[in-house]
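First up is the structure itself, then whatever we jot down about it.
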2 protein chains.
Amino acid sequence: MQELCLPAVITDQDLDRLENILSKRIRIARGEPLYRAGEVFSSLFAVRLGHFKTVYSEGHATKQIIGFQMSGEILGMEGISRPRHKCSAIALEDSEVCEIPYTRLESLLSELPSLQSHFHRMMSREIDREHQVMLLLGSMSADQRVAAFLLNLSRRYEARGFSPLHFVLRMTREDIGNYLGLTIESVSRVFSRFKKNDWIEGLPRDVKILDRKALEDLCAY
Amino acid sequence: MQELCLPAVITDQDLDRLENILSKRIRIARGEPLYRAGEVFSSLFAVRLGHFKTVYSEGHATKQIIGFQMSGEILGMEGISRPRHKCSAIALEDSEVCEIPYTRLESLLSELPSLQSHFHRMMSREIDREHQVMLLLGSMSADQRVAAFLLNLSRRYEARGFSPLHFVLRMTREDIGNYLGLTIESVSRVFSRFKKNDWIEGLPRDVKILDRKALEDLCAY
DNA sequence: CGTGAATTTGACTGACATCAACTCAGGTGG
DNA sequence: CCACCTGAGTTGATGTCAGTCAAATTCACG
């Protein structure tokens, strides 16, 4: 339940109803899609366990990774506006989600003003997150992008009670590069540079942040 | 009222109430902010007349133009998640908006399921729009970005009943460059190239699209 | 161990940025 | 009415950061 960060004003009775909606759990194996671009939208999903990437694909070859989702985050909000998903959500490891049928959620929102308000904040936060990515893609150097990426993961793990300075990258260099608008090689070179500066260690997948401030200063510049 | 594209199922009585909320009009002179980053969020705004740009500013020098809004589009949704705006909305010409006090909108949404559903689709569409911008910034060449930008404007003017092939750019080259992650000079060079190819004419501000297909093919590549 | 995928590293290239000069339109004041 | 100014836009010369191509290395897994 904490995934939705429900405000305290919601009553136990309300929670029961929400619990009811959230009851259906789904397991997704590593590499498998939770949903695919083109499929009919019908539910949101709350990540319970594991990690996902969401991939936007416009027509032909062009693919863009829109974000990486970890436990407690919501998948599928981009589908609300249209009959069909325009993104795919792929599990980066064996994962588990709760399905939230959208029509049932909507009727519940009408009855629970505080849940409605919470839901709107959640969508708005997604918009805000994307603004940050646009800033990153629009005006940061390769080094700044990777630093911002690491700091973002760091903050999110910290918010979930994990170490903000030591975590495992669940995605490949290719995924990171695609997300940050860089090539694999550039991402790799930046990591090597950070390592040489003693800002991080333990690559490739296992990351220890040694000098958080250096990374922050780099982004702030 | 057509700005919100209200579904037909809403009754006249409902409309009266919405009309009530939307009654307050505000005029904004060219170059003036409708709201500024840091101000307390309290309302959404529906653009009635004119054009705006929304600028995201993180801390110090970094500014990123997030989008350009024209009549019929909604401003301020990024503020819902937080006490204060993180964007500024600046009028690109003398403009007029309707203020939509957010708390009143929220209570109305609870009462009108179809309006609620419409509002969610609107936020989702904004998320989807930003995905497209991320694709553009993450993996398109300078030429493709400018072409995509022109085609996007073209479609939006067409949807409003204006000519899709002849319109005026309300924003400067600097604004366009910032939005597309390019410099002024690069934007200018791309326009010149398009002009030389006879794909467009009538620069600088007045744009006639002569070969829409060429632009589309360029993006689709 | 051996095989293929992921990652790193190096040499070279190219697209866009940077720096700088120039053009043009609009507004102002003499 | 025109000289002047200012800011937007264009164009050219040069520089650089990240992409491309290629090879080496490490890692995961049978």
- request: Please evaluate the base of C/dC19 for a donor-acceptor partner in the side chain of B/Glu185 within a cut-off of under 3.5 Å?
  value: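 Counting by modelled atom types and ignoring angles, a donor-acceptor contact under 3.5 Å is found here.
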task: Would you kindly check whether a donor in the side chain of B/Arg189 faces an acceptor in the base of D/dG12, or vice versa, at under 3.5 angstrom?
output: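 Yes, a donor-acceptor pair under 3.5 Å.
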side-chain N/O [X] vs [N] OP1/OP2, d < 4.0 Å:
| X | N | value |
| --- | --- | --- |
| B/Ser188 | D/dT10 | yes |
| A/Ser192 | C/dT9 | yes |
| A/Thr183 | D/dG19 | yes |
| B/Arg205 | D/dA8 | no |

query: Looking for any heavy atom pair under 4.0 Å, which part of the strands does B/Gly177 touch: base, sugar-phosphate only, or nothing?
result: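 Nothing: the residue B/Gly177, judged by heavy atoms under 4.0 Å, touches no strand.
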task: Identify whether any heavy atom of A/Arg193 sits under 4.0 Å from a base atom; if not, whether one sits that close to sugar-phosphate; answer base, sugar-phosphate or nothing.
output: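 Since no nucleic acid heavy atom lies under 4.0 Å of A/Arg193, the category is nothing.
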To the nearest angstrom, how far is [X] atom [atom1] from [N] atom [atom2]?
| X | N | atom1 | atom2 | value |
| --- | --- | --- | --- | --- |
| A/Asp143 | D/dT16 | CG | C1' | 14 Å |
| A/Met140 | C/dC16 | CE | C1' | 19 Å |
| A/Leu169 | C/dA6 | CG | P | 15 Å |
| B/Ile184 | D/dT10 | CD1 | C1' | 11 Å |
| B/Arg145 | C/dC16 | CZ | P | 8 Å |

Candidate list A/Ile209, A/Asp206, A/Val207, test side-chain contact (heavy atoms from CB on, under 4.5 Å), partner A/His166, passing option: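 One option only clears the test, and that one is A/Asp206.
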State, without any angle test, whether [X] and [Y] hold a side-chain donor-acceptor pair at a distance under 3.5 Å.
| X | Y | answer |
| --- | --- | --- |
| B/Arg156 | B/Asn152 | yes |
| B/Glu78 | A/His131 | no |
| B/Glu39 | B/His85 | no |

task: Nearest-nucleotide wise, let me know which of B/Met171 and A/Gly181 is further upstream toward the 5' end of DNA chain D.
output: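 On the 5' side of the pair lies B/Met171.
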